[in-house]
Amino acid sequence: MAEHPKRKGIIIFGPPGAGKGTHASRLVEKLELAYIATGDILREAVAKGTPLGVEAAGYMNRGELVPDEVMIPIVEERLAQVNDKKGFLLDGFPRTVRQAAMLDDAARRNAIEIDKAIYLKTSKDAIVQRLSGRRICPGCGATYHVANIPPKVEGVCDKCGTPLVQREDDREAAIATRLAEYDKQTAEVIRYYREKGILAEVNGDLPVEASHPIIVKIISEGGRL
Ligand code: AMP
């Protein structure tokens, strides 16, 4: 009997401000992947005031990581629901080696193969410039940048007309904490995937137009999507 092909998992990660979300939304559309963005899941929970949101909000506003015990069940649940797509793209997870190990376990149980971990290697200057200028739409989730991707009318979302806001954790003090957390925890994740032989490094300082085709090529070279 022919085996069912495994579903594919692609991870996109890198420091805050590397452009993960921007790339992810383009890739998902182009490659028909399900999209799991842990930051978005958490922000939605905070906005709705669910028990998860109440628990996560403090960590997020300070720029700290939400504990693994909270994150792991959320991702487990989403992975089990990815049925009808060619695969999925994970944005913002794993951020610790413990999360990466959990992902491997869950992948085995759900007939998923983690195919590539795309690492957007980004300089500190680019990170600070991007995060401090980022503005988001609380209405539809669209993202802008005061200099790089300005809305047509200053301070207002092009898509739904809602006034744009700065994320609490894009303010200077939280940016510093997020970068320190990243250095402390997520850098180990790079090593984890390098050792597995599925790490693909992409220059995160490049404008999205330049790096996007590189990422598409890396994913397509796997030949399985
Ligand atoms: P992001 O939108 O990916 O930058 O995530 C925003 C914030 O959500 C992070 O600074 C963390 O506080 C929290 N968060 C998102 N994903 C994770 C994760 N995998 N593990 C722990 N905390 C996370």
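Atoms within a ligand are numbered from 1 in the order they appear, just like the ligands themselves.
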Looking at ligand 1, does any of its N/O atoms fall within less than 3.5 Å of an N/O of [X]?
{"X": "Asp40", "value": "no"}
{"X": "Gly92", "value": "yes"}
{"X": "Tyr59", "value": "no"}
{"X": "Val66", "value": "yes"}

For this session: Verify the neighbour count for atom CZ of Arg78: are there more than 12 heavy atoms of other residues, nucleotides or ligands below 6.0 Å?
Result: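 No, not enclosed.
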
Exercise. Is Arg95 close enough and on-axis enough to Phe93, meaning under 6.0 Å and within 45°, for cation-pi?
Worked result: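 No; the conditions do not both hold, so Arg95 does not lie above the ring face of Phe93.
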
Exercise. Looking at residues at least two apart in the chain, or sitting in another chain, which of them share a salt bridge (Lys or Arg N to Asp or Glu O under 4.0 Å) with Lys159?
Worked result: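 None.
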
Exercise. Between Phe13 and Tyr119, is the gap from one ring center to the other below 6.0 Å?
Worked result: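 For Phe13 and Tyr119, the ring centres are under 6.0 Å apart.
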
Exercise. Given that the side chain starts at C-beta and the backbone is N, CA, C, O, which of these parts of Glu64 lies under 4.0 Å from ligand 1, counting heavy atoms, or is it both or neither?
Worked result: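 Looking at Glu64 and ligand 1, just backbone atoms fall under 4.0 Å.
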
Exercise. Any non-hydrogen atom of Arg167 lying under 4.0 Å from ligand 1?
Worked result: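 Yes, Arg167 has a heavy atom closer than 4.0 Å to ligand 1.
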
Problem set entry | From Arg95, Lys20, Gln99 - option closest to atom 4 (O) of ligand 1 by heavy atom |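 Among Arg95, Lys20, Gln99, the closest heavy atom to atom 4 (O) of ligand 1 belongs to Arg95.
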
Exercise. Which other residues belong to the hydrophobic cluster containing Val208, where Ile, Leu, Val, Met, Phe, Trp and Tyr are joined when side-chain heavy atoms lie under 4.5 Å apart, directly or via other members?
Worked result: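 Once heavy-atom contacts under 4.5 Å are chained together, Val208 still belongs with nothing else.
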
